[in-house]
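What follows is a set of notes on a single structure, which appears directly below.
Just so we're on the same page: letters track the sequence lines, and every chain starts at 1.
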Amino acid sequence: MTGSGKPSGGILEWLAIRNAVEKLGAQRVWSDALSWTRFTGSLALALLVLLCLTGVFMAFNYTPVPGTAYDSVDFAQFSLPFGGLIRGVHHYAWNLLLMVMGLHLARALVVAGYQPPRELTWISGLLIMLFIPVFIITGDLLPWDQKGFWSTQVRTSIMGSVPVAGDWMVRLLQGGPRTGIVALTRFYVLHLLVLPGALLLLVGLHFHFVAHRGVSEPLFSTRERRQVSLFPTMVNRWLLLLLIITVALGAVAYLWPVPLGDPADPTDSNYIPKPEWWVLFLNQLVAIFRGPLMVLGTAVIPGALAAGLMVLPFIDRGPERHPLRRKAMLTVIAAIGLVLLVLSIMGYLEHYGPPPA
Amino acid sequence: MNRQVMGNWMLVLALAVALGLVMQAPALAAAKQELVSAKVKQAPAGLDDAVWKDAKALEVPFEGKEKFAGMKAAVTVRSVYSGDNIYFLFHWKDANKSVTKGAWKYDGQQWAQQKGNEDRISLLFEIDRINNFASKGCTVTCHGAADAPKKEWKFATASAAEKGDLWHWKAARSDPYHYAEDGWLTVAGEKTGRKVDEGKGGDAKNMTDDKSKPKFMRDPAKTASAPGFLLAEEAVEITDYAVFNAGDVITYQMPKKPSGSQADIQAMSRYADGAWTLMLTRKLNTGNADDVAFNAQKKYSFAMALFDDSGDENSYDSEAMTLAFGR
């Protein structure tokens, strides 16, 4: 920088980021970090970016007031150019994100990607995964439609059943015992401000650990690994992936427009929300453990599962990563996965199957 | 292609299948009755057009109220849309064709209004969201003190921001001109929140100032365009009551030719074999502020009422339903 304040070495120098950019440009990463055989992490990031962009577009036209919130979503979806497409992409993106993150987790479990030295990569990834449902729960209420409103009632009643802190948590989240304007405002602020901020921090942490601990070596490929530049090679690959997934979800949203249900009627207690696919197993747990045992289904079992995953890197420390040589661990994981799948199928049949004769 | 690449493509396939399941979920979760308007290339030309076979029939149950309390009725509804228009086909059983609507009858000595009302069917859509209409239907448009008799209750919305679009086919007052009355609903004034759309239409009472006999008769110089009914535009003042014979009947409420936004809903009807069949046609978007503008991407809540030779409070009402558009 010269005394006159003008840049002496171009815009990067003027912005005082030349060193950082040069360092980034010199960064080399494993070529298979984003390849045909390993893409779920990059796809999850692309979906998060897409969710953020579509969310910002939707926020421009949103009013967080009961009733009016519905009208604003209705207007944005059906009266604004591409409004329906943007909401559709947002909807399908979070559904796909859950699936992709599930696959990302499953892959890491199979190839023991959580083993040292990647414990913190695993834990930060798990925290991101546990965070996404909170996004969905807060976002569900925002359109102020029947499904979102009554799903929130179910979720807050489940939350309220947690011993000691349940009622307090519900009041903190909703600003009172009822889901009204304060609740909507809090959900809105959480969904648009607090959660994205926290998620950004977690994603940053995850990448920090990925950068410093590396991605796990491939187990099945016999090809020799090579490194490529982070910028532009890897970034370009990721941008191409972002483009492909944007076009694909845009096409899905165009062909199958996402519906907007009826506006919320807080007096219509006849409305029974159907659980979405990703909470079917949790819903079934709640259905199995009733009365005083309810806390088992709502807090103990899900909490134990999450805690078990968190401590996994400290139990299965390796060095063996090949699934065929970790049969005991994979049998336990597969058994838990099977139980969750069976619970989900039971939930699906209960809520979406033919009514009992 | 090695096994790992194959495995990943299997994952992509699994994701696609899962996404497909997600897309099915909202349809499976529908709780209200849903009428799907089928998209057709050729608009229906009439009540028996083959195109109606492309539209899935919806059997809508109705609950009677007031004098029909405890009774039930049912209407089969179909809908299609083509080009700029939407079409509805209704079919319901009715033991008697009722089109009297207080018509005058001459007994050779004097004129008297006959007992008897008319058959009607009405639909209410939302122009601007009516609070809780989607879940409770027309119930939310009845306003009155809890202890007041139902007759004193007002048919209206709760606020001026809420607006309904009222389609009202009347066998004696709108059908002779082959249309359904087009009105809208807003917050109640002194009497009701019901308003008629811009333009002309409705009906005119045919009665002398002393209310003892009809004032108008069919213009003998004109051919009756709606046999059995006296249309306001074909009526002339009666100058000589001696021309009438015992048993002669003259319409009491003369339909007026609709124009403007009041003429938006065309009707075609038939009463045969103890049942009414009715087709209503309207532009998807009339461009009028007093009409619901249908967007084929969107779903609309609506409710219906059926009147069997009866007045306002004596009706059969449906629950709120959803109108969706096929693609």
Side-chain angles (χ1 to χ4, degrees), chain A residues 32 35-40 43 67-68 70-71 74 77-79 83-84 91-92 94-96 98-100 102-103 106-107 145-147 218-223 248-249 252-253 255-268 270-278 348 351-353, chain B residues 1-32 34 126 128-137 139-140 158-159 161-162 285 293-302 319-327:
Chain A
D32 65 353
S35 61
W36 289 112
T37 57
R38 192 199 311 244
F39 57 83
T40 49
L43 184 53
T68 315
Y70 181 89
D71 297 334
D74 181 281
Q77 181 164 352
F78 298 110
S79 302
H91 171 82
Y92 290 118
W94 72 252
N95 275 285
L96 190 59
L98 285 175
M99 296 174 199
V100 169
L103 289 175
R107 184 187 183 281
D145 61 350
Q146 285 279 72
K147 183 179 141 291
L219 282 180
F220 306 103
S221 176
T222 51
R223 284 184 188 170
L249 289 183
V252 171
L255 291 170
W256 294 279
V258 59
L260 176 63
D262 288 337
D265 177 359
T267 64
D268 181 23
N270 290 325
Y271 186 90
I272 300 167
K274 299 194 176 195
E276 281 161 336
W277 64 273
W278 61 278
Y348 183 85
H351 296 284
Y352 296 98
Chain B
M1 197 179 287
N2 67 33
R3 275 187 306 172
Q4 209 172 347
V5 173
M6 280 281 284
N8 280 288
W9 278 107
M10 292 294 283
L11 287 183
V12 172
L13 189 66
L15 282 181
V17 172
L19 202 60
L21 279 173
V22 170
M23 287 183 293
Q24 291 300 314
L28 290 166
K32 276 160 56 178
E34 185 169 281
E126 292 168 292
D128 293 323
R129 186 175 53 82
I130 300 171
N131 212 17
N132 298 340
F133 175 75
S135 52
K136 296 196 171 60
T139 308
V140 297
S159 72
E162 301 164 84
N285 185 0
F294 291 116
N295 172 348
Q297 300 285 323
K298 197 173 165 179
K299 293 186 176 187
Y300 294 84
S301 290
F302 74 106
E319 298 283 328
M321 290 164 284
T322 302
L323 170 68
F325 291 84
R327 302 185 90 197

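Using a 4.5 Å cut-off between heavy atoms, A/Ala264 touches chain B through its backbone atoms (N, CA, C, O) alone. Using a 4.5 Å cut-off between heavy atoms, A/Gln77 does not touch chain B at all.
Between A/Asp262 and B/Lys32 there is a salt bridge, since at least one side-chain N of the basic residue sits less than 4.0 Å from a carboxylate O of the acidic one.
Residue with the most contacts toward chain B among A/Asn270, A/Ile272, A/Thr267: A/Thr267 (heavy-atom pairs, distance under 4.5 Å). For the set A/Gly261, A/Pro273, A/Gly67, A/Gly102, the entry with the most heavy-atom pairs within less than 4.5 Å of chain B is A/Gly67. Most heavy-atom pairs under 4.5 Å with chain B: of the set A/Asp74, A/Leu260, A/Val258, this distinction falls to A/Asp74.
Judged by distance alone, with hydrogens and angles left aside, the side-chain atoms of B/Asn295 form a donor-acceptor pair with the main-chain N or O of A/Phe78 at under 3.5 Å.
The minimum heavy-atom distance linking A/Pro257 with B/Arg327 is given by the pair CD-NH1, 3.2 Å.
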